[in-house]
Amino acid sequence: MGADGTRPPHISASVLNADFGRLGDEVRRAADGGVDSIHLDVMDGHFVANITMGPVVVEALRPHTGLPYHSHLMISRPLGYVGAFADAGSDVIAFHLEADDDPAAVIEEIHRAGRGAGLALNPETPAERALPYLDSIDLLLVMTVNPGWGGQAFMSEVLPKLAALRAEADRRGLDLPIAVDGGVSLETIGAAHAAGGDVLVTGSALYSHPGDLRSTVGGLRDAARAGAVATTERSRP
Ligand code: DX5
Ligand code: ZN
């Protein structure tokens, strides 16, 4: 927690918009650019219309960096795949509250596999539905786009829900990282961080830049901080 009460921004690279023909290089490019984790979007063509990657891809990418791997499971039946994604090298396995399996059972299975449990909420899912699980998860993932594709517009109407979840986590004294996923860019990252999101997932805003990503990542981190500071300044009497 920073001196100004805000949590330092953690930049997470979503490789969904990277060059899939050179995914290992693209993971390293983000790591060399200074991101804090790698975000892997897993889609089954059922929970969402798109189909992206499975455990074999996570396993193939694992040797490319020592950074934490966050596997974001946009699949209908996560319970049966926890073991495979854990064995493939995921450090955090995030699944959707809207999926078909019992969330408490999936969280327990992820912990049994010795990984961090993440719970993801679609934009239309109310904050109240996540409250029973806040004490048992290691990451809350708030979607700011409807899951399925990269490059979509940021849904700012989700920010009040994000702020409410951050306030509830703080009220309970939880040191809970909250990820914001979808449409996070230089224009939107400040508001996302100010509302309480500290893990900021970014795909197209990162991989639309060729070559060295250090200044892109640095710019995103600065914009996140600026957003939070501006809000803190505004709230001061
Ligand atoms: C969307 C995915 C996001 C997406 C982020 O369903 O969960 O992680 O890839 O990409 P951008 O930043 O381009 O919205
Ligand atoms: Zn994602």
Side-chain angles (χ1 to χ4, degrees), residues 9-20 23 26-27 29-30 33 35-55 57-58 61 67-76 78 81 85 88 90-99 116-125 137-159 162 177-193 197-210 213 216-217 219-221 223-224 227:
H10 168 126
I11 308 294
S12 188
S14 162
V15 299
L16 187 60
N17 280 69
D19 177 352
F20 266 52
L23 214 43
E26 292 282 71
V27 164
R29 193 158 74 93
V35 302
D36 303 292
S37 65
I38 303 295
H39 181 96
L40 301 158
D41 290 303
V42 175
M43 302 179 187
D44 64 354
H46 188 263
F47 182 77
V48 290
N50 199 358
I51 298 175
T52 56
M53 64 182 84
V57 175
V58 175
L61 294 175
L67 288 177
Y69 273 23
H70 295 183
S71 292
H72 176 194
L73 306 189
M74 287 158 276
I75 67 176
S76 296
Y81 291 93
F85 281 100
S90 311
D91 299 284
V92 173
I93 298 171
F95 68 99
H96 272 259
L97 182 60
E98 306 86 5
L119 184 67
L121 300 184
N122 279 343
E124 77 278 359
T125 300
I137 56 176
D138 308 287
L139 176 78
L140 182 63
L141 193 154
V142 175
M143 296 296 304
T144 41
V145 296
N146 289 313
W149 312 95
Q152 299 181 76
F154 184 84
M155 297 170 69
S156 54
E157 59 267 38
V158 176
L159 291 173
L162 170 61
I178 301 182
V180 180
D181 187 16
V184 174
S185 67
L186 267 183
E187 291 71 36
T188 59
I189 198 168
H193 190 232
D198 56 321
V199 177
L200 303 150
V201 182
T202 180
S204 47
L206 191 67
Y207 281 110
S208 56
H209 296 269
L213 290 174
T216 304
V217 175
L220 287 163
R221 206 183 293 279

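We're numbering straight along the sequence, starting at 1. Here the structure is a predicted model, which means the values were calculated and not measured. When a ligand or atom number is given, it counts from 1 through the structure's own listing order.
- Between the OD2 atom of D181 and the NE2 atom of H39, the angle centred on the Zn ion (ligand 2) amounts to 100° when rounded to 10°.
- The M143 neighbourhood of ligand 1 comprises atoms 7 (O), with distances under 4.0 Å to a heavy atom of that residue.
- Under 4.0 angstrom from ligand 1, the non-hydrogen atoms of S14 all belong to its side chain.
- In this structure, of D181, L141, V145, T188, the residue bringing a heavy atom nearest to atom 5 (C) of ligand 1 is D181.
- Below 3.5 Å of separation, one finds no N or O of L16 facing any N or O of ligand 1.
- The nearest protein atom to atom 12 (O) of ligand 1, hydrogens excluded, is given as G203 N, 2.8 Å; this is a heavy-atom distance.
- Residues D41 and S14 have side chains that bring a donor and an acceptor to within less than 3.5 angstrom of each other.
- By the neighbour-count criterion of 12 heavy atoms within 6.0 Å, atom OH of Y81 is sparsely surrounded, having that number or fewer from other residues, nucleotides or ligands.
- Residue A205 places no heavy atom under 4.0 Å from ligand 1.
- Just one residue in the list V184, I189, T216 forms a side chain to side chain contact (heavy atoms under 4.5 Å, CB included) with I11, and that residue is I189.
- For ligand 1, one of its N or O atoms has an N or O atom of H72 under 3.5 Å away.
- Of all the listed residues (F154, W149, Y207), W149 holds the heavy atom that lies closest to atom 1 (C) of ligand 1.
- For atom 14 (O) of ligand 1, the nearest non-hydrogen atom from the set G183, A153, G150 comes from G183.
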